[in-house]
Amino acid sequence: MLTATVAGSTRIDLSWTAATDSGGSGLSGYRIYRDGVTTAIATVTAPGTTYADTTLSASTQYSYVVRAFDGAGNESGASTAASATTQAPSAPGTAGLDSRPANSTCVAWEKPANGSIQVQPFTSLSFDASVALLQAPNDNGNWYVVEQGGTIKRFSGTNPASASTYGTVTVTSGGEMGLLGMAFHPDFPTDSRVFLSYTIRVSNRLESRISSFANSSTTALGGTETILLRVTQPEDNHNGGDIHFGPDGFLYIGFGDGGGAGDNHGSTGNGQRLTTLLGKMLRIDVNSATPYGIPAGNPFASQALCPADGRSSGECPEIYAWGLRNPWRWSFDRATGELWVGDVGQGQWEEVNRISRAGNYGWRCREGAHGYDPDTPGCSTAALIDPETEYDHSLGTAITGGYVYRGTQSTPLKGRYLFGDSGTGRIWAWLPENATAQAPRQPTQLADTTLSIVSFGEGNDGEMYVVNYNSLHRLVFQAPTGGGTVPASLSATGCVTPADPKQPASGLIPYAINAPFWSDGAAKDRWIGLPDGQNITVQASGDWDFPNGTVLMKNFTLASRLIETRLFMRHPDGSWGGYTYAWNDAQTDATLVQGGSVRAMNGQQWIYPSEGQCVQCHTNAAGGSLGLETAQLNRDLLYPQTGRTANELFTLNHIQTLTPAIPDPAAQPKMPDPSDTSASLNDRARAYLHTNCAQCHRTGGPTPSTLDLRYTTPLNQTNACEAAPQAGDLGIGTNARLIDPGSATNSIVVNRTNRRDANAMPPVGSNQIDTAGVALLTQWINGLTGC
């Protein structure tokens with residue numbers, strides 16, 4: 001079914017139901033035809049089911065049909081036609097609203113308390129230097145405990161009388177040595193291999209080994225060991241040793257810098273030296289070759305396998321990321337696939353890193369986000385990635401990486417990264433919204449225990465456990481006390497009409513923007529909930545600053561069905577927070593999604609962002625609110641309250657919401673819609689980068705780069721044009737540039753936009769490639785002749 005909705009005097013929005021027949025070559029997309037003309041006016045790539053026709057005349061009727069097409073170009077029959085008539089043009093000086101609506105209901109609540117946790121015994125069993133706890137795939141009944149001395153114990157249930165020995169391996173243990181990591185093959189038990197990481201001394205030479213044990217079962221480790229990888233260890237500490245299979249099916253391995261203090265291994269240290277596997281996060285393919293293969297996406301995949309002692313020249317192809325001191329414990333977020341690492345510090349800072357391919361995390365140039373040995377060769381030019389969070393040694397002495405909580409308990413901490421400290425027993429969460437200018441990366445403490453937290457475990461159900469050096473404990477989440485309460489349903493927020501939550505509350509002001517953020521093909525409607533008596537401050541830069549109490553509401557629609565409503569609000573304490581609600585099938589209400597979620601919607605995987613992901617994109621550098629700026633709102637909007645089409649800036653000024661006033665929109669800048677072909681190609685591409693990238697890539701932004709992709713920044717001042725990448729070439733090679741005039745193929749900006757993996761840009765909030773956006777950037781860059 002095709003629907004045409006008038007959106008002003010020059011715009012009609014189309015939406016349609018996704019095709020159910022994918023054709024012989026698979027569904028590729030849809031072509032839109034207008035007024036019986038046989039040439040399509042636009043193409044929308046699947047799974048998108050919306051299109052905005054913005055090049056229309058006022059007071060004119062238009063008729064549309066949509067045809068699906070497959071990979072071979074075969075077209076379906078036409079949809080039922082849908083017609084709409086654009087609004088009459090607004091008279092100059094006409095406002096869309098006569099007066100400012102009173103808003104007493106849609107006002108930001110107090111920031112919710114984070115909740116807390118209790119650490120309760122999981123079993124009464126005791127263990128001998130337990131360092132890891134895990135379950136096998138598809139086996140929720142059994143638990144496996146890794147003991148540092150080389151034994152793996154197995155038990156079932158929560159309070160068994162005893163544990164059996166699952167298997168043993170000969171190791172050299174003590175201090176930071178021993179049996180340190182274990183992973184079941186993702187297809188276990190169909191693929192019967194179990195993988196172990198351990199240290200052993202051979203002829204007075206200490207090495208770390210990654211071995212597989214075939215013919216393993218749920219009750220016994222296989223008896224035949226195959227050594228996959230050896231790494232010589234110059235010292236007996238900083239061995240790392242954690243191993244996990246990633247969502248891509250590859251085996252990831254973390255090794256420390258080789259031990260000692262200060263990474264005094266050569267002129268650069270092992271952390272920065274790419275000819276060794278030490279101080280690295282590695283990624284190998286255990287299925288494609290013997291002893292292993294190299295995934296094609298690894299930064300240095302074309303090199304020969306690295307020997308145990310490293311090499312004098314040529315990067316090691318096993319390397320996935322580098323600049324790590326001792327990644328003792330780390331994990332993948334089971335919902336997003338993101339890799340979180342707890343990296344043990346030197347003498348002052350413990351850090352958590354979110355790892356991306358070809359990322360350099362700074363050691364020994366830096367400890368955490370702070371200079372350590374900046375004179376190390378290469379440090380002055382390396383693009384060093386800041387930690388997500390860090391704490392100094394007044395709070396703890398040795399970090400133990402944890403997990404993003406994805407269990408079944410109801411808690412505001414769902415979707416947040418939880419970790420601990422083995423020296424103090426403290427447990428924290430990384431809550432970026434709690435960051436302050438004085439402590440921008442300090443985590444939020446959840447518990448202060450007496451445990452020696454050497455590891456965290458995650459069950460197949462997503463529940464989290466603490467591994468003490470000789471006992472096991474579970475995390476039990478407590479209901480938050482104090483602070484605000486987040487309504488469980490959208491109808492209870494005060495931002496919608498309770499009897500019909502699809503309708504905004506009467507006090508909300510609708511708005512739209514010129515250059516919208518890509519949201520996997522969804523159509524969006526937007527409103528401002530401005531506290532009574534408070535105004536929006538229009539800054540000299542054109543950005544808008546909203547008063548405490550403001551709520552920004554956005555509806556997302558796929559194929560004419562509401563799927564999500566997001567509330568992004570400025571709490572009374574001045575901090576920003578995001579909350580998302582998922583609509584039910586009956587379209588009668590929406591329910592709060594805690595911690596984020598990914599759900600199948602209209603043939604695609606739709607991301608409901610977590611609270612942390614909301615503030616990850618809505619950066620402080622961009623003012624918290626995105627899209628609400630003078631150049632974005634300098635456009636006409638059809639106001640449903642009056643049926644009038646009018647300029648948004650004029651209307652907001654007329655109802656006295658802007659300080660200072662903007663009486664003449666014609667004197668203000670106007671950003672183009674990237675899909676509006678009547679605008680210049682350069683302006684359209686720059687508008688696209690502004691909306692989709694500049695919230696992070698700007699002066700004062702959170703990224704470890706000097707990029708400034710704001711629309712108003714001249715191209716030759718963006719630090720992108722003809723600039724070599726500092727965080728990996730993504731396989732392009734030595735010709736890679738952030739923007740290479742005349743060659744989109746060599747341009748990192750296009751490469752990152754054209755992917756949805758750990759190297760994608762934007763990094764969160766989308767599962768679908770914006771093919772129209774990629775095509776726009778490609779055409780623009782290919783047409784550039786210089787900076």
Side-chain angles (χ1 to χ4, degrees), residues 128-129 131-132 146-152 165-183 193-214 216 221-243 251-282 284 286 289-294 303-319 322 324-328 344:
D128 185 8
V131 295
V146 176
E147 295 181 331
Q148 189 175 358
T151 300
I152 304 166
T165 296
Y166 177 72
T168 60
V169 62
T170 300
V171 304
T172 299
S173 65
E176 297 178 24
M177 301 178 292
L179 179 56
L180 304 175
M182 175 180 178
R193 287 177 292 174
V194 171
F195 298 81
L196 300 181
S197 172
Y198 63 92
T199 58
I200 188 168
R201 198 176 299 278
V202 180
S203 300
N204 205 34
R205 176 178 178 270
L206 184 67
E207 66 178 38
S208 289
R209 287 182 180 176
I210 306 297
S211 292
S212 67
F213 294 79
S216 299
L221 184 71
T224 302
E225 177 182 10
T226 299
I227 300 173
L228 304 181
L229 183 147
R230 290 183 168 94
V231 180
T232 301
Q233 293 286 356
E235 307 285 347
D236 60 8
N237 61 341
H238 299 187
N239 300 307
D242 210 0
I243 56 174
L251 182 62
Y252 289 70
I253 303 161
F255 284 132
D257 63 9
D263 193 9
N264 291 317
H265 303 99
S267 62
T268 64
N270 286 329
Q272 293 297 313
R273 186 163 65 93
L274 299 178
T275 56
T276 177
L277 301 180
L278 296 169
K280 311 296 189 301
M281 184 63 62
L282 313 179
I284 64 175
V286 300
T290 303
Y292 56 84
I294 299 298
Q303 302 284 0
L305 300 186
C306 231
D309 295 330
R311 53 166 65 107
S312 59
S313 63
E315 300 90 346
C316 294
E318 296 88 348
I319 294 173
W322 59 93
L324 300 169
R325 183 177 180 273
N326 189 27
W328 166 235
V344 180

Does some side-chain heavy atom of S208 sit less than 4.5 Å from a side-chain heavy atom of I253? no
Keeping the roles fixed (side chain from N204, backbone from R201), state whether a donor-acceptor pair exists under 3.5 Å. no
Would you check if the side chain of E318 reaches a backbone N or O of C306 as a donor-acceptor pair within less than 3.5 Å? yes
Can you find a pair of side-chain heavy atoms, one from W328 and one from L180, that are under 4.5 Å apart? yes
Tell me whether D257 contacts the main-chain N or O of L278 through its side chain, where contact means a donor paired with an acceptor under 3.5 Å. no
State, with a plain yes or no, whether a side-chain heavy atom of I152 is found less than 4.5 Å away from one of L179. yes
Can you tell if the side chain of F195 reaches within under 4.5 Å of the side chain of L228, non-hydrogen atoms only? yes
Decide yes or no for K280 and F255: does some side-chain heavy atom of the first lie under 4.5 Å from some side-chain heavy atom of the second? no
For D128, salt bridge (Lys or Arg N to Asp or Glu O under 4.0 Å) partners two or more places apart: none
Answer yes or no: is there a side-chain heavy-atom contact under 4.5 Å between R325 and V344? yes
Please give me the minimum heavy-atom distance between R205 and A308, naming the atom from each residue. NH2-CB, 3.9 Å
Given side-chain contact (heavy atoms from CB on, under 4.5 Å), test T172 with I200 step by step and report yes or no. CA-CA 4 Å; T172 299; I200 188 168; 4.0 Å; yes
Residues two or more places apart in sequence or in another chain: which of them pass salt bridge (Lys or Arg N to Asp or Glu O under 4.0 Å) with E147? K153
Approximate separation, where rounding is to 0.5 Å, of L282 CG and I243 CD1: 11.5 Å
Set of side-chain contact (heavy atoms from CB on, under 4.5 Å) partners for S216, sequence neighbours left out: Y166, F188, V194, F213, L221
Check against side-chain contact (heavy atoms from CB on, under 4.5 Å), R230 and V202: CA-CA 12 Å; R230 290 183 168 94; V202 180; over 6 Å; no
Under the salt bridge (Lys or Arg N to Asp or Glu O under 4.0 Å) test, which residues partner R311, sequence neighbours left out? none
T275 side chain vs G310 backbone, donor-acceptor pair below 3.5 Å: no
Among T232, L229, N270, D309, side chain to side chain contact (heavy atoms under 4.5 Å, CB included) partner for L277: L229
Looking at D263 and R273, is any side-chain nitrogen of the basic one under 4.0 Å from a carboxylate oxygen of the acidic one? no
List for me each residue that meets salt bridge (Lys or Arg N to Asp or Glu O under 4.0 Å) alongside D242, sequence neighbours excluded, and say none if there are none. R329
Not counting sequence neighbours, which residues clear ring pair (Phe, Tyr, Trp, His ring centres under 6.0 Å) with Y252? List them please. Y320, F332
Taking Q233 for its side chain and G256 for its backbone only, find out whether a donor-acceptor pair lies under 3.5 Å. no
Any donor-acceptor pair under 3.5 Å linking the side chain of E176 with the backbone of D236? no
Counting distance only, does the side-chain N/O of S173 pair as donor-acceptor with the main-chain N or O of G178 below 3.5 Å? no
